[in-house]
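Because the structure is a prediction, the values reported are computed rather than measured.
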Amino acid sequence: MEIKQLKYFSEIVKYGSFNKASQAIFVSQPYLTNVVKDLEAELDVRLVERSRKGISLTSDGEKLLCHANKILNNIEQLKSSFSSLDNDKIEISVSVTGFCSALESFISICKDNLAHENFTFSLREGKIGEVIEDVRNNTSQIGIIYKDIYLAEGFSAYLEGKNLKFYPLTDCCPCVILNKRHPLYFEGRREIDIEQLRGFGFISCDWNDKKFPGSLIVNKEAVLLEKWSKQVHMCKRDDALRMLEKTDFFSIGLDVEKSYENLNLARLTVKDCNNSLTLGYILKNEEEISPATENFIRLLTKELA
């Protein structure tokens, strides 16, 4: 029996269901279910009764909860008695794809903790595969990525094989990004036919996934932007945005991305676009995250609302 098992058991009871506990503490529901099963097998008792409304404790479950809370309280008291500057250190490490700007939430976290004596915050940017590997190998605690609905099943299995879980934040769609002085833009315009842009340069970036935004699904047919005759390839997000500000080229972004609002750029919905995406974050299945990282997730959720 491990301390972590007791902590998770206590959280499950606190929230009254495996699903609610999973969402609150950012640990997958199957993992929490296995924690209870392992405890029941080790103690050779039944700890909880399951129903559609959630869970209820058996008499043995009540007994374990009482002991677990005492043990967890004692551990917290022990930690407090040996507290030091290093123990109070706040750490947040985030990896994002080029699409999924989490900068505003990251800035808020940094500002909120400015008075703290000891902290290390890091924000990395890369392709989806790089973000996944960052979380898998503990370079980052959390990764912000998007998931294409057409690849959802295979993508979930891929993450599961790496002991990772995807938590959705919001649904989103691809959109055209262009300068507000662009010939095809006018005040109040919200939508554009992708074929109208064929005569303009398409900016693609190396930090993008090869399948998107290099191609879109419009009227259920693939539009291969990466095959269009006028191409500009760039490596850095900031350089691409600057290029968009200075030229009549265009690129593809996500409609929930708000960083464009601080630039002289417009977001236009792609007419009859069938791409459906979900923006979310990935975490390791069994690892706990810090309170600061939990706060970052709350801020990001609010930012995307």
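At least one side-chain heavy atom of Ser156 sits under 4.5 Å from a side-chain heavy atom of Lys147. Between Ile142 and Ile282, every side-chain heavy-atom pair lies at or beyond the 4.5 Å cut-off. Proximity of Leu169 to Leu300: side-chain heavy atoms (C-beta onward) are separated by under 4.5 Å at one or more points. Side-chain contact check for Leu216 versus Ile194: some heavy-atom pair is nearer than 4.5 Å. Contact check for Leu279 versus Leu304: side-chain heavy atoms found under the 4.5 Å cut-off. At a threshold of 4.5 Å between non-hydrogen side-chain atoms, the residues Ile3 and Ile75 count as touching. Here the side chains of Leu159 and Lys165 are not in contact, with every heavy-atom distance at 4.5 Å or above. Side chains of Val94 and Ile92 form a contact here, defined as non-hydrogen atoms less than 4.5 Å apart.
Between the side chain of Arg50 and the backbone N or O of Ile55, no donor-acceptor pair lies under 3.5 Å. Asn275 places a side-chain N or O within donor-acceptor distance of the main-chain N or O of Ile217, the cut-off being under 3.5 Å. Between the side chain of Ser22 and the backbone N or O of Phe18 there is no donor-acceptor pair closer than 3.5 Å. Looking only at distances, no side-chain donor or acceptor of Asn295 sits under 3.5 Å from a matching main-chain atom of Pro291. A donor-acceptor pair under 3.5 Å is formed between the side chain of Glu303 and the backbone N or O of Ser105. In this structure a side-chain-to-backbone donor-acceptor pair under 3.5 Å is present from Asn179 to Glu245. A side-chain donor-acceptor contact under 3.5 Å links Thr58 to the backbone of Leu47. Remark: side-chain polar atoms of Lys284 are paired, donor with acceptor, to backbone N or O of Arg136 under 3.5 angstrom. Using a distance-only test at 3.5 Å, with no hydrogens or angles considered, no donor-acceptor pair links the side chain of Glu91 to the main chain of Phe119. Side-chain atoms of Gln5 come within 3.5 Å of backbone atoms of Glu2 as a donor-acceptor pair (strictly under, hydrogens ignored).
Here the closest non-hydrogen pair linking Val270 and Pro174 is CG2-O, 4.1 Å. Residues Arg189 and Leu268 approach most closely at O-CD2, 3.2 Å, considering heavy atoms. The two residues Met243 and Val232 come nearest to each other via the heavy atoms CE-CG1, 4.2 Å. Closest non-hydrogen pair, Phe106 versus Phe296, comes out as N-CE1, 3.8 Å. Counting all heavy atoms, side chain and backbone alike, Val135 lies closest to Gly143 at CG2-N, 3.4 Å. In terms of heavy atoms, Glu11 sits closest to Ala21 at O-CB, 4.0 Å.
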Open item on the list: With side chain to side chain donor-acceptor pair (under 3.5 Å) as the criterion, how do Ser56 and Glu49 come out once you've worked through the C-alpha distance, each side chain's angles and the decisive distance to 0.1 Å?
Closed with: CA-CA 5 Å; Ser56 58; Glu49 298 290 349; over 6 Å; no
Task: Residues Tyr158, Leu164; criterion side chain to side chain contact (heavy atoms under 4.5 Å, CB included); working and verdict - done: CA-CA 9 Å; Tyr158 174 72; Leu164 302 174; over 6 Å; no
- [ ] Go through the steps for Val35 and Tyr31 under the test side chain to side chain contact (heavy atoms under 4.5 Å, CB included), then give the verdict.
- [x] CA-CA 6 Å; Val35 166; Tyr31 184 82; 3.9 Å; yes
- [ ] For side chain to side chain contact (heavy atoms under 4.5 Å, CB included), just list the numbers for Glu42 and Asp38, CA-CA rounded to whole Å, side-chain angles, deciding distance to a tenth of an Å, and then say yes or no.
- [x] CA-CA 6 Å; Glu42 183 174 351; Asp38 290 344; over 6 Å; no
Open item on the list: Could you go through Lys180 and Leu265, starting from their C-alpha distance and side-chain angles, then the distance that decides it, and tell me whether this counts as side chain to side chain contact (heavy atoms under 4.5 Å, CB included)?
Closed with: CA-CA 5 Å; Lys180 288 184 178 179; Leu265 300 175; 5.8 Å; no
Open item on the list: Show, in sequence, the C-alpha distance, side-chain angles and deciding distance for Ser93 and Ser140, and conclude whether the side chain to side chain donor-acceptor pair (under 3.5 Å) test is met.
Closed with: CA-CA 5 Å; Ser93 52; Ser140 294; 4.6 Å; no
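The structure places CG of Leu244 at 9.5 Å from CZ of Phe249, a figure rounded to the nearest 0.5 Å. Here CD1 of Ile90 is found 8.5 Å from CG of Asn118. Values are rounded to the nearest 0.5 Å. In this structure, OG on Ser204 lies 10.0 Å from CE on Met234, to the nearest 0.5 angstrom. Rounded to the nearest 0.5 Å, atoms NZ (Lys230) and CD1 (Ile203) are 13.5 Å apart. To the nearest 0.5 Å, the span separating CG on Leu299 from CD1 on Ile107 amounts to 11.5 Å. How far CD of Glu125 is from CD1 of Ile144: 12.5 Å, rounded to the nearest 0.5 Å.
One finds a salt bridge joining Glu133 and Lys162 here, because a Lys/Arg side-chain nitrogen approaches an Asp/Glu carboxylate oxygen to under 4.0 Å. Looking at Glu294 and Arg298, a side-chain N of the basic residue comes within less than 4.0 Å of a carboxylate O on the acidic one, giving a salt bridge. Taking 4.0 Å as the cut-off between side-chain N and carboxylate O, Arg46 and Asp60 do not count as a salt-bridged pair.
The environment of NZ in Lys246 is sparse: at most 12 heavy-atom neighbours from other residues, nucleotides or ligands sit within 6.0 Å. Heavy atoms from other residues, nucleotides or ligands lying under 6.0 Å from CZ of Arg242 number 12 at most. Within 6.0 Å of CG in Asp44 there are 12 or fewer heavy atoms belonging to other residues, nucleotides or ligands. With a 6.0 Å radius and a threshold of 12 heavy atoms from other residues, nucleotides or ligands, Glu195 has its CD atom above the threshold. Heavy atoms from other residues, nucleotides or ligands lying under 6.0 Å from CD of Gln231 number more than 12.
The aromatic rings of His182 and Phe200 sit tilted relative to each other, their planes meeting at an angle between 30° and 60°. Aromatic ring pairs are classed by plane angle as parallel below 30°, tilted from 30° to 60° and perpendicular above 60°; the pair Tyr167 and Tyr281 is parallel.
A donor-acceptor contact closer than 3.5 angstrom links the side chains of Asn137 and Thr139. For the residue pair Thr269 / Glu191, no side-chain donor-acceptor distance below 3.5 Å is found, with atom types taken as modelled. With no hydrogens or angles considered, a side-chain donor-acceptor pair links Ser10 and Asn69 at under 3.5 Å.
The ring of Phe202 has its center closer than 6.0 angstrom to the ring center of Phe250.
Checked options Ile192, Leu184, Asp193; the residue passing with Val176 is Ile192 (criterion: side-chain contact (heavy atoms from CB on, under 4.5 Å)).
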